[in-house]
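Worksheet for the structure shown next.
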Protein chains: 2
Amino acid sequence: MNDCPVKYALNILNGKWKLQIVWELNQQEKIRFNELQRRLKGISSFMLSKNLDELEQYRIIVRKQYNEVPPRVEYSLTELGKAIHPSLEMLGAWGIRAFNEMQNQRPS
Amino acid sequence: MNDCPVKYALNILNGKWKLQIVWELNQQEKIRFNELQRRLKGISSFMLSKNLDELEQYRIIVRKQYNEVPPRVEYSLTELGKAIHPSLEMLGAWGIRAFNEMQNQRPS
DNA sequence: CAGTATCCTATAGGATACTG
DNA sequence: CAGTATCCTATAGGATACTG
């Protein structure tokens with residue numbers, strides 16, 4: 001996993017939700033737990049919590065807790081988290097091309 | 001999966017072996033089945049075959065079969081497959097940074 | 001509100017034997 | 001040589017109920 005930096009990077013984003021979480025945080029700057037859960041249609045609070053923990057461990061996001069009642073917790077991207085965006089843009093551009101080539105080869 | 005091109009791209013590379021396969025093919029131009037299996041230490045022929053099939057379906061690699069005895073099959077990257085390399089380079093650069101930040105924050 | 005605890009299911013990955 | 005067939009295991013993901 002740490003023998004190849006590309007693999008290391010992909011591993012951080014692996015899974016069904018992590019990419020989406022990073023994506024949402026890129027658009028929101030700060031977002032609260034329940035608001036994030038609402039945007040990621042279909043994720044359970046358990047899964048969201050687990051994924052957020054992992055992203056925090058990798059220093060991709062930051063968790064800020066306000067000691068209020070009811071509790072308020074805000075998540076945001078670190079500089080490292082923001083820095084992945086250009087790579088994702090490139091991957092997306094390639095993804096469009098890959099998708100189109102599939103469509104051309106297998107028309108309906 | 002096809003709602004987001006980034007997700008589409010990541011999905012193609014998902015799994016334990018596909019990235020390594022693409023990486024090997026990037027260095028070899030052409031490679032035979034058993035030679036590839038030898039390089040990917042630990043993969044079974046079943047898994048290798050399955051992964052190659054999937055990459056071929058996504059038009060990332062091409063399978064060329066020579067009707068000889070014993071059989072000879074060579075795999076190589078398509079233009080699409082080669083085109084992903086810059087994205088992987090960028091991801092790798094980010095991966096190094098991410099890895100270093102982990103090391104700094106948690107010294108031993 | 002922002003989670004945790006518990007239990008369950010689907011599937012990615014693998015081990016082993018075999019084959020045109 | 002380049003695979004396929006069969007069966008097994010680990011784990012990612014999820015459903016549901018509960019809580020400081």
Side-chain angles (χ1 to χ4, degrees), chain A residues 1 3-4 7-25 28-58 60-76, chain B residues 1 3-4 7-25 28-58 60-76:
Chain A
M1 210 59 66
D3 54 341
C4 169
K7 210 167 175 178
Y8 183 82
L10 287 180
N11 192 52
I12 291 176
L13 296 174
N14 244 356
K16 190 173 173 181
W17 299 107
K18 294 210 189 75
L19 178 65
Q20 273 186 76
I21 291 173
V22 171
W23 184 260
E24 289 295 334
L25 286 180
Q28 305 287 321
E29 180 65 22
K30 284 176 190 300
I31 194 166
R32 299 180 65 174
F33 186 91
N34 277 3
E35 168 70 5
L36 186 52
Q37 185 175 14
R38 244 171 278 126
R39 289 180 183 275
L40 304 178
K41 297 268 178 197
I43 196 172
S44 67
S45 59
F46 176 77
M47 267 295 127
L48 179 54
S49 177
K50 189 160 164 284
N51 279 287
L52 288 170
D53 280 354
E54 288 173 27
L55 287 172
E56 195 189 5
Q57 277 170 38
Y58 280 117
I60 309 301
I61 65 175
V62 142
R63 178 183 185 276
K64 188 163 187 193
Q65 177 171 353
Y66 299 85
N67 289 320
E68 305 171 353
V69 178
R72 180 159 62 107
V73 177
E74 287 177 345
Y75 293 91
S76 55
Chain B
M1 211 60 65
D3 54 341
C4 169
K7 210 166 176 180
Y8 183 81
L10 286 180
N11 193 51
I12 292 176
L13 295 175
N14 243 355
K16 191 173 174 182
W17 300 107
K18 294 210 188 75
L19 178 66
Q20 273 186 76
I21 292 172
V22 170
W23 182 261
E24 289 295 335
L25 286 181
Q28 304 290 319
E29 180 65 21
K30 285 176 189 300
I31 193 166
R32 298 180 65 174
F33 187 90
N34 278 3
E35 169 70 6
L36 185 52
Q37 185 175 13
R38 244 171 277 125
R39 289 180 182 275
L40 305 177
K41 296 269 178 197
I43 196 172
S44 66
S45 58
F46 176 77
M47 267 295 128
L48 179 54
S49 176
K50 190 161 162 285
N51 279 287
L52 288 170
D53 280 354
E54 289 172 26
L55 287 172
E56 195 188 6
Q57 278 171 36
Y58 280 117
I60 310 302
I61 65 174
V62 142
R63 176 183 187 276
K64 188 164 186 191
Q65 177 171 355
Y66 298 85
N67 288 320
E68 306 172 353
V69 179
R72 179 158 62 107
V73 176
E74 288 177 346
Y75 293 91
S76 55

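Each chain gets a letter, A, B and so on, in the order its sequence line appears, and its residues count up from 1.
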If only atom types and distance count, is the side chain of K18(B) paired as donor or acceptor with the main-chain N or O of N14(B) below 3.5 Å? yes
Give the ring-plane orientation class for Y58(B) versus Y8(B), where under 30° counts as parallel, over 60° as perpendicular and anything between as tilted. perpendicular
How far apart are the C-alpha atoms of E24(B) and L40(B), what are their side-chain angles, what is the distance that settles it, and do they pass the side chain to side chain contact (heavy atoms under 4.5 Å, CB included) test? CA-CA 9 Å; E24(B) 289 295 335; L40(B) 305 177; 4.0 Å; yes
For DNA chain C, consecutive-pair runs of 3 or more (Watson-Crick or G-U wobble, both H-bond-type distances under 3.5 Å) give C:1-20 with D:1-20
Closest non-hydrogen atoms of I60(B) and I12(B), given as atom of the first, atom of the second and distance, are CG1-CG2, 3.9 Å
Residue pairs meeting side chain to side chain donor-acceptor pair (under 3.5 Å), one or both in residues 36-45 of chain B, sequence neighbours left out, come to E35(B)-R38(B), E35(B)-R39(B)
Indicate whether the side chain of Y66(A) and that of E74(A) have a donor and an acceptor atom separated by less than 3.5 Å. yes
List for me each residue that meets side chain to side chain donor-acceptor pair (under 3.5 Å) alongside E29(A), sequence neighbours excluded, and say none if there are none. none
Which distance, rounded to the nearest 0.5 Å, do you find between the CG of L52(A) and the CD1 of I21(A)? 5.0 Å
Residues L25(A) and Y75(A): closest non-hydrogen pair is CD2-O, 3.4 Å
With a strict under 4.0 Å distance from non-hydrogen atoms of chain B, what nucleotide opens and what nucleotide closes the contacted stretch of DNA chain C, reading 5' to 3'? dG13(C) to dG20(C)
Select base, sugar-phosphate, or nothing to describe what Y66(B) touches, counting heavy atoms under 4.0 Å on all strands. nothing
Under a 4.0 Å heavy-atom cut-off, which of residues 29-47 of chain A touch DNA chain C? R32(A), F33(A), N34(A), S45(A), F46(A)
Which heavy-atom pair separates K7(A) from K16(B) by the least distance, and what is that distance? NZ-O, 3.9 Å
Contacts to DNA chain D from residues 67-74 of chain B, heavy-atom cutoff under 4.0 Å, which residues? P70(B), P71(B), R72(B), V73(B)
